[in-house]
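For reference, the structure is listed below as structure tokens.
Scope of the values below: all heavy atoms of this structure, side chains included, with no hydrogens, waters or symmetry mates. Proteins come first, then strands; the chains are lettered A, B, ... in the order of their sequence lines, and each starts at number 1. Quick caveat: nothing in here was measured; it's all calculated off a predicted structure.
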There are 4 protein chains.
Amino acid sequence: MMPNAARRSERSRTAILDAVLALLRESGYADLTIEAIASRAGVGKQTIYRWWPGRGAVVLDALVEQAAAAGPQALPDTGDLEADLRVVVRAIVAELADPRLSATTRALTIETLSSEAFADQMRDRMLRPQLDTVKDRLRSAREAGDLRPEVDLDQAVELLIGPMYHRWMMRTGPLTEEYADGIVDLAMAALRPGTAGKPRPGTA
Amino acid sequence: MMPNAARRSERSRTAILDAVLALLRESGYADLTIEAIASRAGVGKQTIYRWWPGRGAVVLDALVEQAAAAGPQALPDTGDLEADLRVVVRAIVAELADPRLSATTRALTIETLSSEAFADQMRDRMLRPQLDTVKDRLRSAREAGDLRPEVDLDQAVELLIGPMYHRWMMRTGPLTEEYADGIVDLAMAALRPGTAGKPRPGTA
Amino acid sequence: MMPNAARRSERSRTAILDAVLALLRESGYADLTIEAIASRAGVGKQTIYRWWPGRGAVVLDALVEQAAAAGPQALPDTGDLEADLRVVVRAIVAELADPRLSATTRALTIETLSSEAFADQMRDRMLRPQLDTVKDRLRSAREAGDLRPEVDLDQAVELLIGPMYHRWMMRTGPLTEEYADGIVDLAMAALRPGTAGKPRPGTA
Amino acid sequence: MMPNAARRSERSRTAILDAVLALLRESGYADLTIEAIASRAGVGKQTIYRWWPGRGAVVLDALVEQAAAAGPQALPDTGDLEADLRVVVRAIVAELADPRLSATTRALTIETLSSEAFADQMRDRMLRPQLDTVKDRLRSAREAGDLRPEVDLDQAVELLIGPMYHRWMMRTGPLTEEYADGIVDLAMAALRPGTAGKPRPGTA
DNA sequence: CCCTAAACGAGACGGTACGTCACGTCTTGGT
DNA sequence: ACCAAGACGTGACGTACCGTCTCGTTTAGGG
């Protein structure tokens with residue numbers, strides 16, 4: 001019933017994942033059918049269904065593989081938090097602004113919205129590693145006293161990331177370097193210690 | 001070639017949009033086929049294809065109609081910016097946390113990611129009106145001196161909205177009232193005047 | 001309920017019948033839809049349905065009109081039966097051999113096979129007049145003693161006509177002048193008096 | 001592009017042809033849709049379209065199969081040509097007179113008139129085998145001296161068959177046993193040797 | 001000569017069937 | 001045994017016409 005993973009053909013596995021990346025690049029997620037993958041990979045459809053539950057899973061594997069091949073991208077830690085964040089945020093904005101590069105992100109997001117099971121996989125295998133690099137940098141900043149100690153690090157990461165993705169998805173504005181810097185400015189204002197976290201009782 | 005809108009049957013239009021809402025409620029976006037809509041509405045498929053280019057467009061119309069029927073929801077302006085924002089943000093978080101309510105948002109987001117044409121429609125007809133209510137509140141806050149005057153209002157809105165949507169989509173954490181308040185705290189810290197905008201040269 | 005024939009638009013009637021003939025000539029019976037006729041004639045579909053029960057009836061009217069316009073074609077009566085028959089048979093074979101001319105016959109035959117009501121109309125309004133000219137010639141031949149008196153004239157006509165139509169429909173052989181003459185030879189052998197009608201009792 | 005006939009499912013093929021025959025029996029050719037066949041056969045539409053170009057072709061196969069199953073019907077050769085022909089002609093007339101039996105012939109004739117490709121198939125696979133049995137009998141009659149040697153056998157066959165089909169299609173008269181005998185009488189008069197083939201110069 | 005009821009063009013409508021596409025499963029050699 | 005190849009049942013797609021049903025707009029005859 002369950003296939004024997006030991007006998008799995010590495011040739012097929014690689015051909016399939018390569019085909020997925022090629023087709024994503026060429027035609028976009030909407031035209032990415034299982035039959036197209038099988039045909040492009042020179043593989044039987046059953047060989048795909050044997051090892052993956054569906055389209056989303058194959059795509060995720062393909063992209064994780066791709067990310068792994070690119071090697072782990074570390075975050076600079078120059079001691080200057082704002083400068084370091086500027087680097088990441090600019091990089092992400094640049095990637096989202098490039099239709100070629102963001103096509104895969106688009107695909108993953110669609111699948112994430114379509115399937116809870118996929119969403120969990122996606123989060124743990126693709127997203128979390130990326131977010132954690134930022135989170136680690138913020139943690140070291142907190143230890144250095146560059147961060148208000150009471151802020152939740154996860155929320156802080158999302159404060160940086162969320163607005164960019166929102167603008168990218170909804171096309172509510174340009175994705176430029178100036179925009180990236182604006183994001184960092186706002187985020188730094190929110191995170192920098194100097195400001196009283198909650199001067200609520202009697203401000204005005 | 002182009003159908004004559006003057007002769008359009010209001011009965012059919014209404015039946016179709018109602019059917020879409022009913023089916024969305026009952027079965028979700030994945031099971032929402034044109035044939036199911038036509039059948040449920042007691043309408044020929046051609047009548048759908050005559051007036052809408054595809055599934056996404058019908059759904060968008062249905063939801064816009066629904067939103068319009070609910071009447072324009074204004075934002076409170078009590079004079080206390082933070083309190084007012086807390087109301088909206090909590091409301092949005094609550095809606096996203098409810099699987100029933102957020103199903104349609106999920107559908108629209110998928111369609112937005114799938115089609116540029118749809119994305120533009122979606123932005124202008126659904127999203128912008130909602131974002132503008134927040135933007136208006138921020139503008140009045142700026143005039144009241146409750147906002148650093150140099151912040152871009154669009155970026156400020158996205159600073160509030162983006163993180164929530166990101167967490168909702170990527171399931172990176174709980175969508176609770178505490179979380180909503182955390183968002184508002186961070187955003188207020190970023191926007192509140194007291195803080196120097198860019199104390200970059202020589203941080204502390 | 002029933003339309004008032006007195007108010008009927010002659011312009012429309014003519015345009016419709018002309019459109020039928022034009023479309024039959026250009027595209028054949030299979031592509032002859034009511035919508036195509038209406039569009040070509042610059043007429044509303046309802047105007048067709050108001051005056052005719054269906055496609056077959058319009059086509060029949062169009063072809064009857066066409067035949068009437070061509071005027072009544074008489075059969076020669078030179079006194080030489082065989083020669084006279086040769087003229088008709090050759091003419092019919094020539095018409096059937098021409099794809100252009102036989103297209104309408106093809107259309108009528110299809111409709112005849114499809115609808116009994118149409119078959120009766122077709123027989124009485126198109127076919128009978130043609131067959132009767134042959135039958136009349138045979139009758140005068142009988143009176144002249146050129147025909148075995150006991151043969152049934154209807155069967156005799158069909159003996160001439162039937163084989164041609166069969167070969168035309170089923171494409172069992174060429175439709176040439178030699179073939180036409182062969183038909184006439186056989187038929188004359190069957191009809192000519194000299195032969196004993198039924199020499200059955202003791203022939204061999 | 002072309003399906004691999006070796007992998008074809010015999011089960012499906014049989015179910016489809018059986019469904020065609022059943023539906024033809026029950027509802028006639030006009031109601032015989034591909035969807036009805038697929039549904040009745042418990043088969044996907046694509047399985048029909050994979051192996052046949054259209055409705056006519058499936059029907060032809062079904063009827064050829066049916067005819068083959070019934071076994072090859074030979075023609076009697078009692079030595080008495082007229083008696084033997086009377087048997088076939090009466091049988092054909094009887095079949096044409098029965099609306100149930102002739103419905104399929106009607107269907108095939110419509111399709112034959114509609115498509116040249118079908119016409120060729122129809123002729124070679126259904127009609128020719130039937131006509132050849134008659135032709136064979138006539139050939140043996142010629143060798144026995146019961147036939148004028150100069151008559152073309154194909155024309156002779158059509159002389160027998162054509163009139164019947166014409167009367168059946170055009171409903172120009174009753175299809176009775178008397179009629180069948182009349183056909184045979186006329187045909188025998190045309191074919192029997194005693195008569196001079198062409199006494200044309202100087203008739204009498 | 002005008003008025004009004006009809007017939008008209010246009011085409012939207014609820015349907016049915018079309019022929020195609022991709023799904024996920026099943027089957028058949030081949031290696 | 002796993003594989004490529006691809007046939008299979010399923011179901012939705014978007015299109016073409018069906019015959020019916022409004023819509024204004026001619027248009028022709030009876031007052």
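- Counting non-hydrogen atoms under 4.0 angstrom, C:Gly54 reaches nothing in the nucleic acid.
- Candidate nucleotides E:dG14, F:dC3, E:dC21 were compared by shortest atom distance to the side chain of A:Thr47, and F:dC3 ranks first.
- One atom, CD1 of C:Ile37, and another, C1' of F:dC18, lie 13 Å apart when rounded to the nearest Å.
- A:Arg8 comes within 4.0 angstrom of the backbone, heavy atoms only, and of no base.
- Among the nucleotides F:dC13, E:dC8, F:dG19, the one closest to the side chain of B:Ile34 is F:dC13.
- In this structure, D:Arg55 atom CZ and E:dC18 atom P are separated by 8 Å, rounded to whole Å.
- With E:dG19, F:dA7, E:dA5 as the candidates, the nucleotide lying closest to the side chain of D:Asn4 is F:dA7.
- In this model, the phosphate group of F:dA7 is not approached by any side-chain N or O of D:Ser12 to a distance below 4.0 Å at OP1 or OP2.
- In terms of polar N and O atoms assigned as donor or acceptor, the side chain of B:Lys45 comes within less than 3.5 Å of the base of F:dG14 in a complementary pairing.
- Note that D:Arg7 lies outside the cation-pi zone of D:Trp51, set by a 6.0 Å cut-off to the ring centre and a 45° limit from the axis.
- Proximity note for D:Gln46 (side chain, C-beta onward) versus E:dC21, E:dG19, F:dC2: the nearest is E:dC21.
- Each of A:Glu10 and D:Val43 has a nearest nucleotide on DNA chain F; the 5'-most of these lies closest to A:Glu10.
- As a whole-Å value, the separation of A:Arg13 CZ from F:dC2 C1' is 16 Å.
- Between E:dC18, F:dA4, F:dT10, one nucleotide has an atom nearer to the side chain of D:Glu35 than all others, and that is E:dC18.
- When rounded to the nearest whole Å, the span between CG of A:Asp31 and P of E:dC21 equals 13 Å.
- Stacking of B:Arg13 on the aromatic ring of B:Trp52 is not recorded, the 6.0 Å distance cut-off and the 45° axial limit not both being met.
- Ranked by how close their nearest DNA chain F nucleotide is to the 5' end, B:Thr33 and C:Thr33 are led by B:Thr33.
- With DNA chain E read from its 5' end, the first of the two nearest nucleotides for B:Ala41 and C:Arg50 is the one closest to C:Arg50.
- Closest non-hydrogen pair, D:Ala19 versus D:Ile37, comes out as CB-O, 3.9 Å.
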For this session: Start with the C-alpha gap between C:Ser39 and C:Glu35, add the side-chain angles, then the distance that decides, and say whether side-chain hydrogen bond (donor to acceptor under 3.5 Å, both in side chains) holds.
Result: CA-CA 6 Å; C:Ser39 163; C:Glu35 303 213 321; over 6 Å; no
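- Atom-to-atom, CG of B:Leu23 to P of F:dA12 comes out at 12 Å; the value is rounded to the nearest Å.
- Considering only the side chain of D:Arg7, F:dA7 comes nearest among E:dC18, F:dC3, F:dA7.
- Within the structure, every side-chain polar atom (N or O) of B:Trp51 is placed at least 4.0 Å from both OP1 and OP2 of E:dG11.
- Checking E:dG9, F:dC18, F:dA7 against every side-chain atom of D:Pro3, the shortest atom distance belongs to F:dA7.
- Rounded to whole angstrom, the span from the CD1 atom of D:Ile48 across to the P atom of E:dT20 amounts to 13 Å.
- Using modelled atom types, one side-chain atom of B:Arg123 and one backbone atom of A:Met170 make a donor-acceptor pair closer than 3.5 Å.
- Distance from the side chain of A:Tyr49 is smallest to E:dT25 among E:dT25, F:dC3, F:dA12.
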For this session: Evaluate the salt bridge (Lys or Arg N to Asp or Glu O under 4.0 Å) criterion for residues B:Arg125 and B:Asp61: first the C-alpha distance (whole Å), next the side-chain angles of each, then the deciding distance (0.1 Å), finally the verdict.
Result: CA-CA 9 Å; B:Arg125 301 179 55 201; B:Asp61 266 20; 2.8 Å; yes
